[in-house]
Amino acid sequence: MKTQRKIAFPRYAEYNCALKYFVEQGLDATYILQPALTRRTEELGAKYSPDFVCTPFKTLLGSMIESLEAGADTLFMTHGFCRLGYFGELQEQILRDLGYSFDFLNLAEHSTGKKKDWVRAIKWVNPRANLGKLTLRARDTIKMVQYLDQVTSFYYENCGFDASSGEYQKTYQQFISAMYTVTSKREIETVYQRTMDRLRRIPLDKPAHPLRVGVVGELYTVMDPFSNLELEQKLADMGVEIHRWMTLTNRLIHYPGEKNLNPEIRDLCTYEMGPTSTANIWCARKYAQQGFDGLIHIKSASCTPEIDIMPVLQNISTDYKIPLLCLTYDAQTSDVGLMTRLEAFYDMIDAKKRMRR
């Protein structure tokens, strides 16, 4: 048994700062923060992945390789609601075939809903872990995720109207950096409150009725800026107010549940089609009913659940006369191609809004 594990989890947006806090302050282990996702990460993952697996699999695999290169000796992999639940087993085998030596905690093997199985996973990481302390740090981690999502949502709703020549983006980046260094609940609260106070004081040049776009899509690609080529920032830079319901807070912590969402979309979708299908259909209709100017649907290549809901989103677009842009990402998607489509989409929704005035 190692005296202290060096743990890593694949890069996922900026949520790794919360994982870092939990591992170091709760599990009393060392968290290895691998490099930010780059084209090299994608190329590494694509090189060793099956051809037709979805893009997040490749990105996560590449990030695991970079984690091991950075010194990690223990890898975590989450469970999931679609093929994500099978990622861990296959990724572990690929890495071992490549000759890497490491310990692997596949949370899919412990997601039985029984407390004893989670305790077994914790004790595997650190047999001397204090469960009382761990519970407190887990609560801090959940609050940290909520604060990350709250600040990020507030940022994308307003950053496109910054009248201070970049202070908005600078403040947001300082918030993210600070969250990677916090070591206590008090520090988490302080960083959050300080950031929100600063953002609210920054002057905005925002029209009374700005262009509003609702973004829906597959769990990983829609949340991770690298994977979607900074789509939300690109739209914000055009002067668009961005809304994205799909966050870890909404999907995993405060999810209303299928029994509550299904009745609202029963006329559009009788059955649940995947991990985010019901939520995305429900959310797209909500944006349309609220008079948003456009919808963007993001998915990775080979993501079957999101392919299934595309006809439903087209029906919402037709019924509510709201423009819909569907974007599919893979390792070959180019920044230039994305900008061309976004600029055309912006011109369309801007012209449509002007005609209604």
Side-chain angles (χ1 to χ4, degrees), residues 8-25 31-42 59 63 66-67 70 140-206 210 213 215 220-244 246-250 298 335 338-339 342:
F9 185 89
R11 276 276 190 170
Y12 184 16
E14 298 297 347
Y15 292 118
N16 290 73
C17 63
L19 291 164
K20 179 177 182 290
Y21 177 85
F22 180 73
V23 167
E24 294 183 345
Q25 307 306 319
Y31 189 84
I32 300 298
L33 187 62
Q34 68 278 70
L37 299 177
T38 63
R39 179 61 69 176
R40 176 181 184 268
T41 313
E42 279 191 329
T59 305
S63 188
E66 291 183 332
S67 298
D140 296 346
T141 302
I142 291 172
K143 180 58 70 174
M144 195 173 178
V145 168
Q146 292 175 301
Y147 285 160
L148 282 165
D149 288 336
Q150 288 175 23
V151 173
T152 299
S153 295
F154 189 83
Y155 172 76
Y156 284 119
E157 287 177 23
N158 296 291
C159 67
F161 311 97
D162 180 11
S164 66
S165 301
E167 190 63 26
Y168 221 86
Q169 189 170 32
K170 180 181 177 182
T171 300
Y172 178 70
Q173 291 302 326
Q174 289 174 342
F175 163 75
I176 296 298
S177 297
M179 279 299 195
Y180 277 98
T181 64
V182 295
T183 58
S184 67
K185 179 181 179 181
R186 174 175 290 185
E187 289 182 14
I188 294 171
E189 295 283 350
T190 299
V191 170
Y192 168 72
Q193 294 295 342
R194 183 179 63 203
T195 299
M196 291 304 295
D197 289 343
R198 288 182 61 184
L199 289 176
R200 291 189 179 105
R201 288 198 301 268
I202 296 173
L204 298 178
D205 183 14
K206 189 173 185 178
V213 169
V215 179
Y220 186 91
T221 309
V222 78
M223 294 188 212
D224 183 63
F226 172 80
S227 297
N228 60 49
L229 299 178
E230 301 278 355
L231 175 135
E232 290 172 298
Q233 189 63 58
K234 286 180 169 64
L235 280 172
D237 290 343
M238 296 178 187
V240 177
E241 181 179 298
I242 312 299
H243 291 256
R244 169 170 54 84
M246 188 60 67
T247 63
L248 284 189
T249 298
N250 288 333
I298 295 175
D335 193 78
L338 175 64
M339 278 303 301
L342 289 182

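Values reported hereafter were calculated over all heavy atoms of this structure, with side chains retained and with hydrogens, waters and symmetry mates removed.
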Compute whether any side-chain donor of one residue and acceptor of the other, for Q174 and T195, lie under 3.5 angstrom apart. no

As a test of understanding, state which of K206, R200, E241 forms a side chain to side chain donor-acceptor pair (under 3.5 Å) with N158. K206

Regarding D237 and Q233, do their side chains bring together a donor and an acceptor under 3.5 Å, going by distance alone? yes

With distance as the sole criterion, is a donor-acceptor pair present between the side chains of E157 and S153 under 3.5 Å? no

Looking at every non-hydrogen atom in both residues, tell me the closest pair between L231 and N228 and how far apart they are. N-OD1, 3.1 Å

Are any of the side-chain heavy atoms of F175 and M196 separated by less than 4.5 Å? no

Please determine whether the number of non-hydrogen atoms from other residues, nucleotides or ligands lying under 6.0 Å from atom NZ of K185 exceeds 12. no

Criterion side-chain contact (heavy atoms from CB on, under 4.5 Å) on Q169 and D162, from CA distance to verdict: CA-CA 9 Å; Q169 189 170 32; D162 180 11; 5.9 Å; no

Between V222 and R244, does a side-chain contact (heavy atoms from CB on, under 4.5 Å) hold up when you go through it step by step? CA-CA 9 Å; V222 78; R244 169 170 54 84; 3.7 Å; yes

To the nearest 0.5 Å, tell me how far S165 OG sits from K170 NZ. 12.0 Å

To the nearest 0.5 angstrom, please state how far the CD atom of Q25 sits from the NZ atom of K20. 7.5 Å

Just checking, is any N or O donor in the side chain of Q34 or S63 under 3.5 Å from an acceptor N or O on the other one? yes

Student check: side-chain heavy atoms of Y192 and M144 closer than 4.5 Å: no

If you measure from OH on Y172 to OH on Y156, what distance do you get to the nearest 0.5 Å? 5.0 Å

Apply the side-chain contact (heavy atoms from CB on, under 4.5 Å) test between Y15 and each candidate in D224, T247, T141; give the one that qualifies. T247

Step-by-step side chain to side chain donor-acceptor pair (under 3.5 Å) determination, Q173 to S177: CA-CA 6 Å; Q173 291 302 326; S177 297; 5.7 Å; no

Tell me the closest heavy-atom pair linking R11 and P35, and the distance in Å. NE-O, 3.5 Å

Which atom names give the shortest non-hydrogen contact between S164 and E167, and what distance separates them? OG-CB, 2.9 Å

Do I188 and M179 come within less than 4.5 Å of each other through their side chains, counting heavy atoms only? yes

Regarding R186 and E189, does a basic nitrogen lie under 4.0 Å from an acidic carboxylate oxygen? no

Are the side chains of Y220 and T59 in touch, meaning some heavy atoms are under 4.5 Å apart? yes

Determine whether L148 and I176 make a side-chain contact, defined as any pair of heavy atoms from C-beta on separated by less than 4.5 Å. yes

Side-chain donor-acceptor pair present, N16, Y31, cut-off under 3.5 Å: yes

For A18 and V145 the tightest heavy-atom approach is CB-CG2, 3.8 Å

Measure the shortest side-chain to side-chain distance between I202 and T171 over non-hydrogen atoms and say whether it is less than 4.5 angstrom. yes

OH-OH distance between Y155 and Y168, expressed to the nearest 0.5 angstrom: 9.0 Å

Apply side-chain contact (heavy atoms from CB on, under 4.5 Å) to residues T221 and S227 and explain how you reach the verdict. CA-CA 5 Å; T221 309; S227 297; 4.2 Å; yes

Is the count of non-hydrogen atoms from other residues, nucleotides or ligands lying under 6.0 Å from D205 atom CG greater than 12? no

Do D335 and K234 sit within salt-bridge range, that is, some charged N less than 4.0 Å from a carboxylate O? yes

T41 side, atom OG1; E66 side, atom CD - distance, nearest 0.5 Å: 3.5 Å

Heavy atoms, side chains only, cut-off 4.5 Å: are P210 and V240 in contact? no

Distance (rounded to the nearest 0.5 Å) between F9 CZ and L19 CG: 6.0 Å

